[in-house]
Asker: 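First the structure, then my questions, so here it is.
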Amino acid sequence: MHQNEFVNLITPFKDKIFRVARRLLVSTEEAEDATQEVLVKLWNKKDILKNYNSVEALAMTMTKNYCLDQLKSKRASNLKIVHNNFTDREAGLQQKVEDTDSLNWVEKIIDQLPEQQKLIIQMRDIEQYEFEDIAKILEMNETAIRVALSRARKTIREFMLKTHSYGIG
Amino acid sequence: MELDKLEILLEKYFEGETSIAEENQLKDYFSSSNVAQHLQQYKPLFGYFSASKQQEFTQELPLNSNNRAKKRTTTWLSIAASVVVLLGAGTFTFFNYDTTQKEDLGTFEDPEVAFRETQKALSLLSQNVNVGMESIQYIQEYETAKNKVFN
(Lines give C-alpha, C1' and ligand atoms only; values in the text may rest on other atoms or scores of the structure.)
Protein backbone atom coordinates (compact mmCIF):
# COMPACT_ATOMS: atom_id res chain seq x y z
CA MET A 1 0.00 0.00 0.00
CA HIS A 2 1.31 3.40 -0.89
CA GLN A 3 1.58 6.24 1.59
CA ASN A 4 -1.07 8.33 -0.17
CA GLU A 5 -3.50 5.45 -0.20
CA PHE A 6 -2.96 4.98 3.50
CA VAL A 7 -3.53 8.64 4.24
CA ASN A 8 -6.77 8.54 2.25
CA LEU A 9 -7.81 5.49 4.20
CA ILE A 10 -7.28 7.06 7.61
CA THR A 11 -8.46 10.59 6.89
CA PRO A 12 -12.15 9.89 7.62
CA PHE A 13 -11.47 8.67 11.12
CA LYS A 14 -8.19 10.13 12.33
CA ASP A 15 -10.00 12.98 14.07
CA LYS A 16 -12.24 10.46 15.77
CA ILE A 17 -9.20 8.64 17.10
CA PHE A 18 -7.84 11.89 18.42
CA ARG A 19 -11.10 12.81 20.12
CA VAL A 20 -11.48 9.42 21.75
CA ALA A 21 -7.88 9.60 22.97
CA ARG A 22 -8.45 13.08 24.31
CA ARG A 23 -11.58 11.98 26.08
CA LEU A 24 -9.66 9.27 27.90
CA LEU A 25 -6.29 10.93 28.42
CA VAL A 26 -7.63 14.47 29.03
CA SER A 27 -4.46 16.25 27.93
CA THR A 28 -4.29 17.31 24.28
CA GLU A 29 -0.58 16.56 23.95
CA GLU A 30 -0.95 13.05 25.19
CA ALA A 31 -3.89 12.52 22.90
CA GLU A 32 -1.80 13.67 19.96
CA ASP A 33 0.94 11.24 20.90
CA ALA A 34 -1.57 8.45 21.24
CA THR A 35 -3.09 9.22 17.85
CA GLN A 36 0.30 9.18 16.20
CA GLU A 37 1.17 5.97 17.91
CA VAL A 38 -2.02 4.26 16.75
CA LEU A 39 -1.70 5.51 13.20
CA VAL A 40 1.91 4.43 12.97
CA LYS A 41 0.95 1.01 14.26
CA LEU A 42 -1.73 0.85 11.58
CA TRP A 43 0.84 1.85 8.98
CA ASN A 44 3.14 -0.94 10.07
CA LYS A 45 0.25 -3.33 9.67
CA LYS A 46 -0.58 -2.00 6.24
CA ASP A 47 -0.04 -5.28 4.48
CA ILE A 48 -2.67 -7.15 6.45
CA LEU A 49 -5.21 -4.33 6.64
CA LYS A 50 -7.32 -5.74 3.82
CA ASN A 51 -8.08 -8.75 5.97
CA TYR A 52 -10.17 -6.57 8.25
CA ASN A 53 -13.60 -5.57 7.07
CA SER A 54 -13.57 -2.30 8.98
CA VAL A 55 -10.24 -0.57 9.46
CA GLU A 56 -12.02 2.15 11.39
CA ALA A 57 -13.31 -0.29 14.00
CA LEU A 58 -9.84 -1.80 14.25
CA ALA A 59 -8.31 1.64 14.73
CA MET A 60 -10.83 2.54 17.40
CA THR A 61 -10.19 -0.68 19.28
CA MET A 62 -6.45 -0.04 19.11
CA THR A 63 -6.95 3.48 20.37
CA LYS A 64 -9.08 2.30 23.23
CA ASN A 65 -6.56 -0.34 24.26
CA TYR A 66 -3.62 1.98 23.88
CA CYS A 67 -5.20 4.70 25.99
CA LEU A 68 -6.30 2.34 28.71
CA ASP A 69 -2.76 0.92 28.82
CA GLN A 70 -1.37 4.41 29.10
CA LEU A 71 -3.69 5.21 31.95
CA LYS A 72 -2.87 1.99 33.71
CA SER A 73 0.89 2.45 33.50
CA LYS A 74 0.61 6.05 34.58
CA ARG A 75 -1.47 5.16 37.59
CA ALA A 76 0.97 2.46 38.58
CA SER A 77 4.00 4.73 38.46
CA ASN A 78 2.83 8.23 39.28
CA LEU A 79 0.44 10.10 41.42
CA LYS A 80 -2.55 11.01 39.35
CA ILE A 81 -2.81 14.65 38.45
CA VAL A 82 -6.42 15.69 38.36
CA HIS A 83 -6.54 18.27 35.62
CA ASN A 84 -9.86 19.82 36.52
CA ASN A 85 -8.75 20.73 40.01
CA PHE A 86 -6.68 23.72 39.07
CA THR A 87 -9.41 26.29 38.61
CA ASP A 88 -10.76 27.60 41.84
CA ARG A 89 -14.35 27.44 42.77
CA GLU A 90 -15.12 31.11 42.37
CA ALA A 91 -14.12 31.11 38.72
CA GLY A 92 -16.21 27.99 38.22
CA LEU A 93 -19.32 29.71 39.48
CA GLN A 94 -18.66 32.72 37.31
CA GLN A 95 -18.19 30.51 34.29
CA LYS A 96 -21.52 28.84 34.64
CA VAL A 97 -23.22 32.03 33.61
CA GLU A 98 -21.59 32.05 30.22
CA ASP A 99 -22.87 29.83 27.50
CA THR A 100 -19.56 28.47 26.29
CA ASP A 101 -18.55 27.76 29.83
CA SER A 102 -21.49 25.55 30.50
CA LEU A 103 -19.98 23.45 27.72
CA ASN A 104 -16.82 23.19 29.81
CA TRP A 105 -19.05 22.16 32.63
CA VAL A 106 -20.36 19.25 30.60
CA GLU A 107 -16.80 18.26 29.81
CA LYS A 108 -15.92 18.23 33.49
CA ILE A 109 -18.87 16.04 34.29
CA ILE A 110 -17.95 13.59 31.54
CA ASP A 111 -14.38 13.54 32.81
CA GLN A 112 -15.62 12.20 36.11
CA LEU A 113 -17.33 9.21 34.56
CA PRO A 114 -15.62 5.82 34.57
CA GLU A 115 -13.49 5.13 31.48
CA GLN A 116 -15.91 2.75 29.89
CA GLN A 117 -18.82 5.14 30.14
CA LYS A 118 -16.65 7.94 28.83
CA LEU A 119 -15.83 5.83 25.81
CA ILE A 120 -19.43 4.93 25.17
CA ILE A 121 -20.64 8.53 25.49
CA GLN A 122 -17.85 9.61 23.18
CA MET A 123 -18.70 7.05 20.55
CA ARG A 124 -22.44 7.33 20.70
CA ASP A 125 -23.19 10.96 21.44
CA ILE A 126 -20.24 12.61 19.80
CA GLU A 127 -19.11 10.30 17.02
CA GLN A 128 -22.60 8.82 16.57
CA TYR A 129 -21.66 5.22 16.00
CA GLU A 130 -24.41 2.62 15.82
CA PHE A 131 -24.66 0.29 18.81
CA GLU A 132 -23.55 -2.57 16.61
CA ASP A 133 -20.27 -0.82 15.80
CA ILE A 134 -19.65 0.22 19.38
CA ALA A 135 -20.17 -3.37 20.45
CA LYS A 136 -17.56 -4.47 17.95
CA ILE A 137 -15.05 -1.81 18.97
CA LEU A 138 -15.39 -2.29 22.70
CA GLU A 139 -15.82 -6.06 22.46
CA MET A 140 -19.00 -5.96 24.56
CA ASN A 141 -22.56 -6.92 23.83
CA GLU A 142 -25.14 -4.34 22.78
CA THR A 143 -27.34 -4.64 25.84
CA ALA A 144 -24.45 -3.94 28.17
CA ILE A 145 -23.59 -0.91 26.10
CA ARG A 146 -27.15 0.41 26.22
CA VAL A 147 -27.21 -0.03 29.98
CA ALA A 148 -23.87 1.71 30.45
CA LEU A 149 -24.90 4.49 28.09
CA SER A 150 -28.15 5.06 29.92
CA ARG A 151 -26.30 5.12 33.22
CA ALA A 152 -23.76 7.61 31.92
CA ARG A 153 -26.43 9.89 30.44
CA LYS A 154 -28.40 9.83 33.66
CA THR A 155 -25.31 10.66 35.70
CA ILE A 156 -24.64 13.61 33.44
CA ARG A 157 -28.27 14.72 33.76
CA GLU A 158 -28.08 14.51 37.52
CA PHE A 159 -24.99 16.72 37.65
CA MET A 160 -26.47 19.12 35.14
CA LEU A 161 -29.61 19.53 37.21
CA LYS A 162 -27.48 20.13 40.27
CA THR A 163 -25.45 22.84 38.60
CA HIS A 164 -28.44 24.30 36.82
CA SER A 165 -30.47 24.79 39.97
CA TYR A 166 -27.47 25.88 41.99
CA GLY A 167 -28.52 28.61 44.39
CA ILE A 168 -32.23 28.10 43.73
CA GLY A 169 -33.11 25.07 45.83
CA MET B 1 -41.73 19.25 17.02
CA GLU B 2 -44.43 19.11 19.69
CA LEU B 3 -43.28 19.39 23.22
CA ASP B 4 -44.85 16.19 24.55
CA LYS B 5 -43.29 14.17 21.75
CA LEU B 6 -39.97 15.74 22.53
CA GLU B 7 -40.22 14.90 26.19
CA ILE B 8 -40.92 11.29 25.36
CA LEU B 9 -37.91 11.32 23.07
CA LEU B 10 -35.78 12.82 25.81
CA GLU B 11 -36.88 10.13 28.24
CA LYS B 12 -36.02 7.49 25.66
CA TYR B 13 -32.68 9.17 25.20
CA PHE B 14 -31.80 8.85 28.87
CA GLU B 15 -32.80 5.21 28.78
CA GLY B 16 -30.34 4.71 25.93
CA GLU B 17 -33.01 3.62 23.49
CA THR B 18 -32.97 6.33 20.87
CA SER B 19 -31.66 5.77 17.38
CA ILE B 20 -29.07 8.00 15.77
CA ALA B 21 -31.81 9.78 13.80
CA GLU B 22 -33.79 10.51 16.94
CA GLU B 23 -30.70 11.78 18.67
CA ASN B 24 -30.09 14.09 15.77
CA GLN B 25 -33.62 15.41 16.16
CA LEU B 26 -32.86 16.19 19.76
CA LYS B 27 -29.61 17.88 18.82
CA ASP B 28 -31.36 19.98 16.23
CA TYR B 29 -34.04 21.01 18.66
CA PHE B 30 -31.59 22.02 21.35
CA SER B 31 -29.38 23.93 18.96
CA SER B 32 -32.37 26.01 17.83
CA SER B 33 -33.21 29.25 19.60
CA ASN B 34 -36.70 28.42 20.90
CA VAL B 35 -36.00 25.81 23.55
CA ALA B 36 -38.77 25.48 26.14
CA GLN B 37 -37.95 27.05 29.48
CA HIS B 38 -37.97 23.87 31.53
CA LEU B 39 -35.70 22.11 29.02
CA GLN B 40 -33.04 24.83 28.94
CA GLN B 41 -30.86 22.83 31.26
CA TYR B 42 -30.20 20.20 28.57
CA LYS B 43 -29.07 22.77 26.07
CA PRO B 44 -25.37 22.76 27.03
CA LEU B 45 -25.28 18.98 26.94
CA PHE B 46 -26.32 18.70 23.31
CA GLY B 47 -24.38 21.82 22.47
CA TYR B 48 -21.28 20.20 23.91
CA PHE B 49 -21.75 17.06 21.85
CA SER B 50 -21.92 19.03 18.64
CA ALA B 51 -19.08 21.32 19.62
CA SER B 52 -16.65 18.62 20.60
CA LYS B 53 -17.09 16.92 17.27
CA GLN B 54 -15.23 19.86 15.78
CA GLN B 55 -11.89 19.01 17.37
CA GLU B 56 -9.36 17.87 14.84
CA PHE B 57 -6.06 16.13 14.79
CA THR B 58 -3.65 18.52 13.17
CA GLN B 59 -0.32 16.87 13.84
CA GLU B 60 1.75 15.59 11.00
CA LEU B 61 2.25 11.87 10.68
CA PRO B 62 5.76 10.46 10.73
CA LEU B 63 4.92 7.95 8.03
CA ASN B 64 8.27 7.00 6.59
CA SER B 65 8.14 3.45 5.45
CA ASN B 66 11.58 2.84 6.94
CA ASN B 67 11.05 4.37 10.31
CA ARG B 68 13.35 1.95 12.03
CA ALA B 69 16.22 2.36 9.60
CA LYS B 70 16.07 6.08 10.22
CA LYS B 71 16.29 5.55 13.94
CA ARG B 72 19.29 3.30 13.48
CA THR B 73 21.16 5.85 11.35
CA THR B 74 20.59 8.54 13.96
CA THR B 75 22.05 6.33 16.68
CA TRP B 76 25.07 5.54 14.53
CA LEU B 77 25.43 9.21 13.70
CA SER B 78 25.47 10.13 17.36
CA ILE B 79 28.03 7.45 18.14
CA ALA B 80 30.25 8.69 15.31
CA ALA B 81 29.87 12.26 16.50
CA SER B 82 30.88 11.41 20.05
CA VAL B 83 33.92 9.49 18.78
CA VAL B 84 34.98 12.51 16.73
CA VAL B 85 34.55 14.80 19.71
CA LEU B 86 36.54 12.49 21.97
CA LEU B 87 39.33 12.13 19.43
CA GLY B 88 39.44 15.88 18.93
CA ALA B 89 39.62 16.60 22.63
CA GLY B 90 42.24 13.85 23.09
CA THR B 91 44.60 15.04 20.38
CA PHE B 92 44.21 18.64 21.45
CA THR B 93 45.26 17.94 25.04
CA PHE B 94 47.99 15.57 23.84
CA PHE B 95 49.71 18.18 21.69
CA ASN B 96 49.25 20.93 24.23
CA TYR B 97 50.78 18.80 26.94
CA ASP B 98 53.77 18.12 24.73
CA THR B 99 54.48 21.75 23.94
CA THR B 100 54.34 22.91 27.56
CA GLN B 101 57.02 20.33 28.37
CA LYS B 102 59.28 21.68 25.64
CA GLU B 103 58.96 25.28 26.67
CA ASP B 104 61.88 27.39 27.97
CA LEU B 105 63.82 25.55 30.67
CA GLY B 106 66.96 27.69 30.47
CA THR B 107 69.02 25.04 28.71
CA PHE B 108 72.62 25.85 27.76
CA GLU B 109 74.59 24.40 24.94
CA ASP B 110 78.10 25.17 26.21
CA PRO B 111 79.13 23.18 29.35
CA GLU B 112 81.37 26.07 30.56
CA VAL B 113 78.50 28.50 30.55
CA ALA B 114 76.27 25.92 32.09
CA PHE B 115 78.76 25.39 34.90
CA ARG B 116 78.98 29.07 35.62
CA GLU B 117 75.30 29.53 35.57
CA THR B 118 74.85 26.61 37.93
CA GLN B 119 77.38 28.02 40.35
CA LYS B 120 75.66 31.37 40.25
CA ALA B 121 72.33 29.78 40.96
CA LEU B 122 73.72 27.67 43.82
CA SER B 123 75.45 30.66 45.47
CA LEU B 124 72.23 32.62 45.22
CA LEU B 125 70.45 29.75 46.90
CA SER B 126 73.00 29.42 49.71
CA GLN B 127 72.94 33.19 50.36
CA ASN B 128 69.24 33.05 50.80
CA VAL B 129 69.53 30.03 53.02
CA ASN B 130 72.05 31.92 55.18
CA VAL B 131 69.58 34.77 55.57
CA GLY B 132 67.26 32.21 57.04
CA MET B 133 70.01 30.80 59.24
CA GLU B 134 70.71 34.21 60.79
CA SER B 135 67.20 34.39 62.14
CA ILE B 136 67.54 30.91 63.48
CA GLN B 137 70.44 32.18 65.63
CA TYR B 138 67.93 34.10 67.70
CA ILE B 139 66.05 30.95 68.43
CA GLN B 140 69.31 29.46 69.63
CA GLU B 141 69.59 32.44 72.04
CA TYR B 142 66.18 31.67 73.43
CA GLU B 143 67.14 28.06 73.86
CA THR B 144 70.24 28.89 75.91
CA ALA B 145 68.34 31.46 78.04
CA LYS B 146 65.65 28.90 78.74
CA ASN B 147 68.22 26.32 79.74
CA LYS B 148 69.80 28.83 82.13
CA VAL B 149 66.50 29.51 83.82
CA PHE B 150 65.30 25.96 84.15
CA ASN B 151 68.54 24.26 85.06
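These figures come from a predicted structure and were not determined experimentally. Within every chain, numbering begins at 1; the chains are lettered A, B, ... in the order of the sequence lines, protein sequences first and strands thereafter. Below, all heavy atoms of this structure are taken into account, side chains as well, without hydrogens, waters or symmetry copies.
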Asker: Would you call B:E23 and A:R153 a salt bridge, taking side-chain N to carboxylate O under 4.0 Å as the test?
Answerer: yes
Asker: Measuring only between side-chain heavy atoms, which start at C-beta, is B:N24 closer than 4.5 Å to A:Q128?
Answerer: yes
Asker: Of all of A:E32, A:Q122, A:E127, A:R23, which one pairs up most often with chain B through heavy atoms under 4.5 Å apart?
Answerer: A:E32
Asker: For B:Y13, is it the side chain, the backbone, both, or neither that has a heavy atom closer than 4.5 Å to a heavy atom of chain A?
Answerer: both
Asker: In the structure I gave you, are the side-chain heavy atoms of B:S52 and A:R19 within less than 4.5 Å of one another anywhere?
Answerer: no
Asker: Name the option with the most non-hydrogen atom pairs under 4.5 Å to chain B; the candidates are A:K16, A:E107, A:R151, A:K14.
Answerer: A:E107
Asker: Flag the pair B:E15 and A:K154 as a salt bridge only when some basic side-chain nitrogen lies within less than 4.0 angstrom of an acidic carboxylate oxygen.
Answerer: yes
Asker: Would you give the length of the straight line joining atom CZ of A:F131 to atom CD1 of B:I20, rounded to the nearest 0.5 angstrom?
Answerer: 7.5 Å
Asker: I'd like to check A:D125 versus B:Y48 (side-chain heavy atoms, cut-off strictly below 4.5 Å). Are they in contact?
Answerer: no
Asker: Where the side chain of A:D15 meets the backbone of B:F57, is there a donor-acceptor pair that is under 3.5 Å apart?
Answerer: yes
Asker: Report the residues that fulfil salt bridge (Lys or Arg N to Asp or Glu O under 4.0 Å) with B:E17, sequence neighbours left out, ordered by chain and then residue number.
Answerer: none
Asker: Taking side chain as everything from C-beta outward and backbone as N, CA, C, O, which of these in A:I121 sits under 4.5 Å from a heavy atom of chain B? Side chain, backbone, both or neither.
Answerer: side chain
Asker: Side chain from CB out, backbone as N, CA, C, O: work out which of these in A:I17 comes under 4.5 Å of a heavy atom of chain B, or both, or neither.
Answerer: neither
Asker: So for A:I126, is it side chain, backbone, both, or neither that comes closer than 4.5 Å to the heavy atoms of chain B?
Answerer: both
Asker: Does the cation-pi check pass for A:R157 over B:F14, that is, NZ or CZ under 6.0 Å from the six-membered ring centre and within 45° of its axis?
Answerer: yes
